[in-house]
Amino acid sequence: MNIVVCVKQVPDTTEVRLDPKTNTLIREGVPSIINPDDLSGLEVALRIKDQDPENVKVYALSMGPNQAEYALREALAMGADEAILVSDRAFGGADTWATSCTITAAIEHIDYDLVIAGRQAIDGDTAQVGPQIARHLNIPAISYAEDVKVEDGKVIVKRQFEDRYHILEADMPLLITTLAECAQPRYMTIRGIYEAQEKPITVWGLKDIEDKLDLSNIGLKGSPTRVKQSFPKQGKAAGVLLTDLTADEAAQAILAKLKEKYII
Ligand SMILES: Cc1cc2nc3c(=O)[nH]c(=O)nc-3n(C[C@H](O)[C@H](O)[C@H](O)COP(=O)(O)OP(=O)(O)OC[C@H]3O[C@@H](n4cnc5c(N)ncnc54)[C@H](O)[C@@H]3O)c2cc1C
């Protein structure tokens with residue numbers, strides 16, 4: 001059984017701060033990490049492999065610039081068998097459509113049974129790439145996985161909804177998008193880190209996957225959406241402190257304010 005885990009390298013958005021003078025993001029010194037939902041997806045794949053190490057192979061696949069190699073080395077150090085970096089200038093500036101088309105073309109070069117993506121990347125935050133890949137591959141998708149098991153060749157997923165869960169059973173091939181809380185990722189081992197430095201990373205450029213690509217669907221030119229402007233949200237205005245009110249008057253004042261803002 002072959003599992004492909006999509007791993008995106010992202011800036012650690014918990015470390016991104018705003019410059020109070022210019023109101024712009026301070027990116028310097030912000031570490032790059034594996035997207036948290038993807039780390040959990042990788043852990044899911046490694047647990048499936050732990051059950052049957054001889055017959056399960058885990059591929060970590062990332063699309064990005066050369067530096068995404070660090071995320072892939074981390075995946076190898078955790079226990080992934082192979083790492084594939086999809087990288088080419090032609091893929092730059094892609095929106096979710098172009099990203100998913102490109103990643104799909106790469107996956108089509110792998111004999112996959114299960115594809116795992118994170119629910120959402122903490123930088124782009126769209127949660128679109130996983131389901132789009134499933135659509136392009138023409139396989140079913142189960143998103144928002146909170147627990148994943150493979151039993152007797154079937155994949156059993158606990159899918160989270162706002163107010164309930166569904167337990168779904170599916171055949172492969174299948175795509176799952178995992179939540180960060182799906183599986184606590186294991187630490188890299190010292191030996192794993194050492195060996196990951198020696199392992200080769202396969203790099204696929206446009207030439208390697210173009211047989212599965214429609215070239216009008218890649219990079220900035222193949223992106224139906226464009227980020228037109230990007231700016232920080234304005235800070236909220238200072239609150240108003242009402243004093244010397246009875247409990248009833250306080251409740252009325254709060255209700256009036258909520259109505260004024262169309263919250264209720
Ligand atoms: C220069 C530049 C220009 C951009 N221009 C646009 C634009 O014009 N319009 C627009 O909409 N967006 C634009 N983006 C954002 C970019 O499209 C998104 O970062 C990308 O499409 C992925 O979407 P997301 O981060 O929301 O991922 P999500 O859909 O939230 O990711 C879900 C999951 O998909 C997988 N995944 C996503 N991306 C990758 C990847 N690269 N490699 C491996 N797995 C991945 C991961 O498993 C991830 O957890 C631009 C980005 C750059 C750097």
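Note that the structure is a prediction, hence the values are computed from the model and not measured. One-based numbering, in listed order, for ligands and for the atoms of each.
- Counting heavy atoms from C-beta on, the side chains of Tyr112 and Ile139 come closer than 4.5 Å.
- Between the CD atom in Gln160 and the OG1 atom in Thr178 there is a gap of 12.0 Å [rounded to 0.5 Å].
- Annotation: ligand 1 has protein neighbours Cys6, Val7, Lys8, Asn35, Asp38, Leu61, Ser62, Met63, Gly93, Ala94, Asp95, Thr96, Thr99, Ile103, Ala117, Gly118, Arg119, Gln120, Ala121, Asp123, Gly124, Asp125, Thr126, Ala127, Gln128, Val129, Thr225, Arg226, Val227, each with a heavy atom less than 4.0 angstrom from the ligand.
- Note: the hydrophobic cluster containing Leu39 does not contain Ile122 (ILVMFWY, side chain heavy atoms under 4.5 Å, direct or indirect links).
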Less than 3.5 Å apart, which donor and acceptor atoms pair up between the side chains of residues 70-85 and the rest of the protein, not counting sequence neighbours?
residue : atom : partner : partner atom : Å
Arg73   : NE   : Glu69   : OE2          : 3.2
Arg73   : NH1  : Ala196  : O            : 2.7
Arg73   : NH1  : Lys199  : O            : 2.9
Arg73   : NH2  : Glu69   : OE2          : 3.1
Asp81   : OD1  : Lys49   : NZ           : 3.1
Asp81   : OD2  : Lys49   : NZ           : 3.3
Asp81   : OD2  : Val58   : N            : 2.7
Glu82   : OE2  : Lys57   : NZ           : 2.9

Under 3.5 Å, sequence neighbours excluded: what are the donor-acceptor pairs made by side chains of residues 200-213?
residue : atom : partner : partner atom : Å
Asp208  : OD2  : Gly205  : N            : 2.8
Asp211  : OD1  : His109  : NE2          : 3.0
Asp211  : OD2  : His109  : NE2          : 3.3

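- Residues passing the side-chain contact (heavy atoms from CB on, under 4.5 Å) test with Lys221: none are found, sequence neighbours excluded.
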